[in-house]
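Quick one: the structure is below, and I'll ask about it shortly.
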Amino acid sequence: MRVGLFIPCTMDRLYPRAAMASLELLEKLGVTVEYPQDQTCCGQPMANSGLKDAAAPVVAHFAKVFADYDYVVCPSGSCTSMIRNHTHGMPGETAALRKVRGTTFELCEFLHDVLKVEKLDAACPRRVGIHRSCHGHRELRLAPSSERTQVKFRGKPEQLLSLVRDITITELDRTDECCGFGGAFCVGEATLSVRMGEDRVADHARHGAEIITSVDTSCLMHLEGVLRAKNSPVRVAHIAEILNGDLA
Amino acid sequence: MSKPHDGLAHAARSEKFLGNADRSARHDAALWFVRTKRDNATRLVPEWEELRMQASRIKAHTVSNLDTLLAAFDDNCRANGVTVHWAADAAEHNAIIAGLLQKHGAKHIVKSKSMLTEECGLNDHLHGLGIETVDTDLGEYIVQLRDEPPSHIVLPAIHTTREDIGELFHRHLGTPAGNADPEFLTRAARAELRKKFLAADAGITGVNFAIAETGGIAVCTNEGNADIGMLLPKLHIACMGIEKLIPKLDDLAVFTRLLARAATGQHSTTYTSLIHKPRPGAEMHIVVVDNGRSVMLGRPEFRESLNCIRCGACMNTCPVFRRTGGHSYGSVIPGPIGSILSPSLDLKKHASLPFASTLCGSCTDVCPVKIPLHEQLLAWRKFAAKHGGVSLPKRLGMGAAAFVFRHPQLWRVSGKIGAVLGRFPFLFNHRLNPWVKGRAMPVIPPKGFRELYAEREKSKKKN
Amino acid sequence: MTTSRDKILGAIRANKPASVAHPGAFTPVRSVDPRATYAERVKLSGGEAVCLTNGESLADAVTRVFADCASRLSFVDSVPSTAAMPSDDAGYTALDLAVIPGKLAVAENGAVWVHFADDRARRASLLARDVALVVPAGALVAPMHDAFAHPEFRSTCGDQGVFLAGPSKTADIEQCLVIGAHGPCSLRVFLV
């Protein structure tokens with residue numbers, strides 16, 4: 001099984017340790033991982049601004065870089081959802097794009113659905129709050145959404161976190177409210193974006209979380225910005241870092 | 001007379017609402033409470049997801065046969081003694097109603113909740129003709145006295161406080177100054193509006209569901225104001241958009257099971273009235289309105305928005321709506337569904353609305369008729385981009401970014417530049433950077449993953 | 001000359017998508033204990049389901065429960081009125097209690113299907129201060145779909161009727177629930 005690792009642009013530049021944790025975690029689980037150096041971006045920033053024509057060549061480049069892998073693993077719910085759900089009807093669709101739509105998995109999905117991980121050698125003796133990044137949550141259905149009260153199943157992030165020794169998962173008043181990042185929204189509606197981030201952070205604080213984790217570093221970057229502006233001791237960590245034992 | 005909506009974009013208006021942090025937090029908490037009640041009610045309906053799917057399929061059948069179903073509705077209404085009028089647009093809707101009222105010499109009208117009449121500006125039109133219209137839904141009555149539009153389609157006065165209303169009723173109804181007790185104020189409104197009901201010449205209502213098979217209409221309220229309003233006067237006019245039609249009487253069971261639970265978490269509205277015939281000695285008219293709906297029907301990406309049963313669940317669940325209020329949208333119907341319907345009516349005025357969202361998808365998951373709301377918001381962004389709705393600086397910025405992303409060496413170089421710039425915080429920590437109002441800038445590490453990986457591979461080769 | 005009806009139907013015909021079939025009947029999940037569910041849901045709606053105590057007649061039960069209702073107008077044969085039929089609308093607003101017959105009770109939402117053969121009964125049900133609904137106990141159904149299929153509904157749904165669930169209410173002032181908005185201030189259901 002040839003696995004290509006796709007690291008989101010923000011993670012590459014701002015959270016390289018989370019990217020490294022993703023790589024190490026997959027290797028520890030016996031996967032041969034390649035990181036094709038020509039990768040850049042999934043096209044989401046352009047697509048979410050409605051600029052489909054600007055996004056299309058970026059998406060085509062992604063498809064070309066990753067076409068030959070059996071699986072493309074991406075430690076980001078939003079990038080994964082972009083490739084799987086939002087590249088239909090783009091000009092210049094290639095066979096490569098059609099292929100990667102079927103082979104691109106978010107990290108937790110890959111560990112849960114493909115590798116069927118049942119054991120992890122990791123500890124995290126901390127109180128950890130799970131932030132449900134929206135794309136992974138409601139588009140990839142990584143965990144049940146609070147809105148669909150009749151759809152019950154055990155979420156993939158928590159199943160994996162339950163394999164980590166000594167970890168305590170904290171609760172929330174609003175289990176899956178958006179953090180307010182939203183791409184260009186974070187500057188286009190800056191005050192609102194910050195207010196939403198502050199509300200998330202306060203919710204985690206009320207329940208004593210020491211670390212806020214999620215599957216998307218874009219959300220974490222925004223929440224971390226709010227936390228540091230408040231001089232909070234609460235840290236953010238991508239789920240890969242916890243599963244890889246980096247926060248023991 | 002209602003004040004017109006101003007021309008500001010959503011972001012500017014939401015800034016204002018957020019400026020009063022207390023009020024924004026209270027508004028947010030109140031609507032989250034309604035969302036929670038909705039969740040509790042749906043938890044008691046094991047087949048909730050199947051009901052949503054059924055409703056969505058019934059609507060798909062309806063819109064694809066809308067002409068024949070509307071014609072059947074018209075025929076069945078006529079057979080029941082109800083007169084159906086057709087209005088191509090808002091102006092025609094207003095003219096038809098004014099004509100009916102004038103023919104009957106009606107000067108005092110009571111009206112129950114109808115977002116369609118808001119959309120058409122009916123009250124103002126009638127006022128100009130010397131016809132007094134009183135909105136009898138308590139929330140609508142409150143905003144009418146405040147001379148402003150409703151801020152939510154189901155909870156029109158959710159943006160007000162009891163103190164606001166106490167002061168308002170003191171001024172208009174003579175209630176004691178400083179009395180802000182909700183029960184006392186409600187009783188005061190009850191007494192005042194009963195006078196209006198008894199003196200009314202005509203009653204105007206909306207239509208929650210119109211049934212093609214039998215020519216009937218269903219009107220749902222908690223207060224009973226629609227029922228009193230259509231009972232006492234000798235003229236009843238019901239207004240409906242063409243998309244309110246459902247094919248069969250049995251289908252009403254599906255929609256009534258969904259509506260109140262989605263809207264307020266009640267298992268049923270207090271009154272679900274089913275009216276087929278005029279009352280003895282009275283007249284009943286139905287005004288069927290297009291006003292852009294047939295245009296929406298012709299837009300494949302947005303067609304499902306016609307499923308909307310006006311429950312407001314999308315507004316209650318939206319983290320943006322909760323914190324910034326309905327007036328921030330500057331449209332008759334606010335929130336997620338409003339951000340989809342309004343650009344179809346006036347793209348220039350409402351181009352900012354689809355961007356007033358993080359596309360979190362919560363609205364899509366609560367919608368009782370399975371409108372893929374957040375997907376349609378994204379689809380509007382694409383439409384807007386094609387028709388000049390995305391600003392030039394943004395286009396240029398995104399175009400530049402796309403160029404970089406197509407050229408891996410450029411991306412690598414830009415990364416290195418970013419790492420260097422990151423060492424000079426003064427470049428970013430200033431007023432012109434919207435990120436830093438309440439957030440610290442992300443720290444840019446000296447080496448990105450690309451470099452770390454390359455180093456790791458090199459050391460692996462050495463060993 | 002094209003009428004607006006022609007214009008609108010023409011626009012619809014031009015813009016509508018390919019025809020999709022109606023999905024057919026819906027299969028609901030049925031409540032295990034409709035009687036208990038009904039009582040609970042009536043309560044949730046702000047009303048009350050009343051049981052007759054042993055040997056009590058309906059008329060006695062109504063008198064007992066509504067002891068403070070001096071002027072009562074009844075449209076149920078076995079319960080006598082204490083007030084005369086009002087001669088105008090204002091007269092109805094002076095009534096303390098309206099006793100109205102219902103055809104069906106729906107367990108899932110605590111609603112009663114009331115058919116208004118009589119316009120005066122409709123007035124009384126909306127303008128009197130309190131309302132008592134009387135429904136045959138055998139006419140209790142579980143989901144709404146069963147109500148719509150029931151002969152008592154199908155034979156009476158053709159002119160004016162209402163699914164009535166609880167007293168009138170509003171929460172338009174700061175989401176504070178106030179019972180008794182424009183319609184009655186209380187509602188009790190007697191399953192007999």
Inset, instruction - Side chain from CB out, backbone as N, CA, C, O: work out which of these in C:A147 comes under 4.5 Å of a heavy atom of chain B, or both, or neither. - result: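 For C:A147, neither part sits under 4.5 Å from chain B.
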Legend entry - Side-chain ion pair, B:E243 and B:R293, N-O less than 4.0 Å: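 Result for this pair is yes, salt bridge flagged.
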Inset, instruction - Evaluate side-chain contact (heavy atoms from CB on, under 4.5 Å) for B:L252 paired with B:I211, printing each intermediate quantity in order. - result: CA-CA 8 Å; B:L252 188 59; B:I211 301 144; 4.0 Å; yes
Legend entry - Carboxylate-amine/guanidinium proximity below 4.0 Å for C:E108 and B:R257: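 Yes, C:E108 and B:R257 are salt-bridged.
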Inset, instruction - Please name all residues satisfying side-chain hydrogen bond (donor to acceptor under 3.5 Å, both in side chains) with C:E152, sequence neighbours left out, ordered by chain then number. - result: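 C:E152 satisfies side-chain hydrogen bond (donor to acceptor under 3.5 Å, both in side chains) with no residue once adjacent residues are dropped.
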Legend entry - Electrostatic pair B:D181-B:R162, nearest N-O below 4.0 angstrom: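 No salt bridge links B:D181 with B:R162.
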Inset, instruction - With a 4.5 Å cut-off on heavy-atom pairs, point out which of C:T93, C:L177, C:L44, C:T170 contacts chain B the most. - result: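 The candidate making the most pairs under 4.5 Å is C:T170.
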Legend entry - Portion of C:R41 that has a non-hydrogen atom of chain B nearer than 4.5 angstrom: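 For C:R41, the side chain is the part near chain B, not the backbone.
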Legend entry - chain B interface, residue from C:H145, C:K16, C:E174 that has the most non-hydrogen pairs under 4.5 Å: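 Ranked by contacts with chain B, first place is C:E174.
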Legend entry - Most chain B-contacting option - heavy-atom pairs closer than 4.5 Å, from C:P17, C:S4, C:A165: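 Of C:P17, C:S4, C:A165, C:P17 has the most heavy-atom pairs under 4.5 Å with chain B.
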Legend entry - Row check, B:F255 ring normal vs B:K59 NZ/CZ: under 6.0 Å, within 45°: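 Judged by the rule (NZ or CZ under 6.0 Å from the ring centre, within 45° of its axis), B:K59 counts as positioned above B:F255.
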Inset, instruction - Report the option among B:T269, B:D227, B:L155 that has the most heavy-atom pairs separated by less than 4.5 Å from atoms of chain C. - result: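 Between B:T269, B:D227, B:L155, the count favours B:D227.
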Inset, instruction - With a 4.5 Å cut-off on heavy-atom pairs, point out which of B:L51, B:D164, B:V289 contacts chain C the most. - result: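 That would be B:L51.
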Inset, instruction - Determine, for C:F148 and C:R154, whether the Lys NZ or Arg CZ falls below 6.0 Å from the six-membered ring centre while staying within 45 degrees of the axis. - result: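 C:R154 over C:F148 ring: no.
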Legend entry - Residue selection (most heavy-atom pairs with chain C, distance under 4.5 Å) from B:K277, B:R57, B:E223: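 Most heavy-atom pairs within the cutoff with chain C belong to B:E223.
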Inset, instruction - Would you mind telling me which of C:A11, C:G166, C:S19 has the largest number of heavy-atom pairs within less than 4.5 Å of chain B? - result: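 Looking at each option in turn, the highest pair count goes to C:S19.
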Legend entry - Most chain C-contacting option - heavy-atom pairs closer than 4.5 Å, from B:E183, B:M53, B:H27, B:Q266: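 Looking at each option in turn, the highest pair count goes to B:E183.
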Inset, instruction - Could you tell me how the ring of C:H22 sits relative to the ring of B:H61: parallel (under 30°), tilted (30 to 60°) or perpendicular (over 60°)? - result: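 C:H22 and B:H61: perpendicular rings.
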Inset, instruction - Flag the one option from B:D251, B:V295, B:N80 with the top tally of heavy-atom pairs under 4.5 Å to chain C. - result: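 Top count of heavy-atom pairs under 4.5 Å with chain C: B:D251.
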Inset, instruction - Counting only heavy atoms closer than 4.5 Å, note whether C:L127 contacts chain B via side chain, backbone, both or neither. - result: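 Backbone plus side chain of C:L127, per the 4.5 Å heavy-atom cut-off to chain B.
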Legend entry - Which atoms of C:F153 approach chain B - backbone, side chain, both or neither, heavy atom under 4.5 Å: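 Contact with chain B involves the side chain of C:F153 alone.
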